[in-house]
Amino acid sequence: MAKLTEIGWEAFSGLALEAKKPYLEREEGDGMPYHTLFAQQFDRALLERLCALANRIRFINKSKEGALYLKNVLAHKRAMLYFSQPSSRTFLSHLAACQILGLTTGSVRDAATSSEFKGESHEDSVRTFSSYFDMIIMRSPEQGLAEKMAWELSNSERPIPILNAGSGKDQHPTQALLDIYTLVRSFETKGGLDGRTVVFCGDLMRGRTVRSLSYLLTNFKGVKQIFVAPQELQVPADVVMVLAKKGVEFEVADDLKSAVKIADAVYMTRIQDEWDESKGASAKIDTSRFKFGAEELALLGKDGIIMHPLPRRDEIATCCDHDPRAMYWRQMRNGMWIRAALIASVFGFEKSIMDCGY
Ligand code: ASP
């Protein structure tokens, strides 16, 4: 249960994201989220705990005995995957994470196949899911919907946790968790993530993964962020304001090659043209200088990594795919482990998994 029963919707929705955090935590007081809605819920200690648990689950799952132990951890729980926006990796990795932990799952992947098509409100749909399931993993084109649903559910007769798997152009907290997990793993034996330079490139205006990851990176010491994009798609003011307020070093730039030369990680993103206000508007923007190919690869340091939340179009040339610095395939698989770690923690199984004999 979260403490959302202690505050009305108007008052809660008006709070700054960081001030919302305590209302979303597990009542047990271990700092873990009950509802996972945005990146501002995670501080460094929590990120380190989740990365450690993901490593542990990954290791335990290697043996048949270990995998069977994990499959029993949440065998008494059911999760609903409610995705009213396209998804491949986020859907499948959450599904696989549930399977690792033994949760039974149900799914709606198209609102047209649910009663929402008959005019049912989101509130009623979600309340329906909570009658049959113990957790809702949801993706929606509507910014803020997951938050509203979390409040509604916490104040209903059957409160269950909500996990935001992508909300509008706004936040994608579990993608940011897997991005951090990937960065932490990549630099684990090379001095860590502190003090690194991360370059974001592409559609930074509408990419929700960028907003969430940019925030999570502020938990690490001296991480510099460079935003490389065409002017029309540059990083939005709210992201820049957070960095300025936190005293994080950042740069807004338009030359990918110069940024790659000093980058430890290059985070490429696709053009998010599904949000175009008029059809074809993005196609008119010159994005030709914001692609990673053989020339950029030659400029990247030997320990540098290339990341992408995927799906990719042509912003990373396929000639980069087999380079050991291309991290996007491993990044995608990391999503399964960190999501398993998060789900296990939401249900209070962090300690028992960490301490189990496998
Ligand atoms: N898969 C990511 C998302 O859902 C990135 C993207 O779609 O470009 O936001």
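Throughout, residue positions are numbered sequentially from 1 according to the sequence presented. Bear in mind the structure is a predicted one, so any value in this text is a computation, not a measurement. When a ligand or atom number is given, it counts from 1 through the structure's own listing order.
- Counting heavy atoms under 4.0 Å from ligand 1, residue Gln272 touches it through the side chain alone.
- Side-chain contact, Glu142 with His122: a donor N or O sits under 3.5 Å from an acceptor N or O.
- Heavy-atom proximity to Thr209, at under 4.0 Å, picks out these atoms of ligand 1: 2 (C), 9 (O).
- Judged purely by atom type and a 3.5 angstrom limit, Arg49 has no side-chain atom pairing as donor or acceptor with the backbone of Arg44.
- Both the sub-6.0 Å distance and the 45° axial angle are satisfied by Arg196 relative to the ring of Phe187.
- Shortest contact from atom 4 (O) of ligand 1 to any protein heavy atom: Arg208 NH2, 2.9 Å.
- Here is the list of ligand 1 atoms found below 4.0 Å of a heavy atom in Pro311: 1 (N), 6 (C), 7 (O).
- For atom 1 (N) of ligand 1, the closest non-hydrogen atom on the protein side is Leu310 O, 2.9 Å.
- Protein heavy atom in closest approach to atom 8 (O) of ligand 1: Arg270 NE, 2.7 Å.
- With a heavy-atom cut-off of 4.0 Å, His172 touches ligand 1 through its side chain alone.
- With a 6.0 Å cutoff to the six-membered ring centre and a 45° limit on the axis angle, Lys20 counts as a cation-pi contact of Phe12.
- In this structure, Asp203 contributes its side chain and Gln272 its backbone to a donor-acceptor pair below 3.5 Å.
- Inclusion of Arg139 in the set of residues having an N or O under 3.5 Å from an N or O of ligand 1 is warranted.
- In this structure, a donor-acceptor pair under 3.5 Å is absent between the side chains of Gln175 and Thr209.
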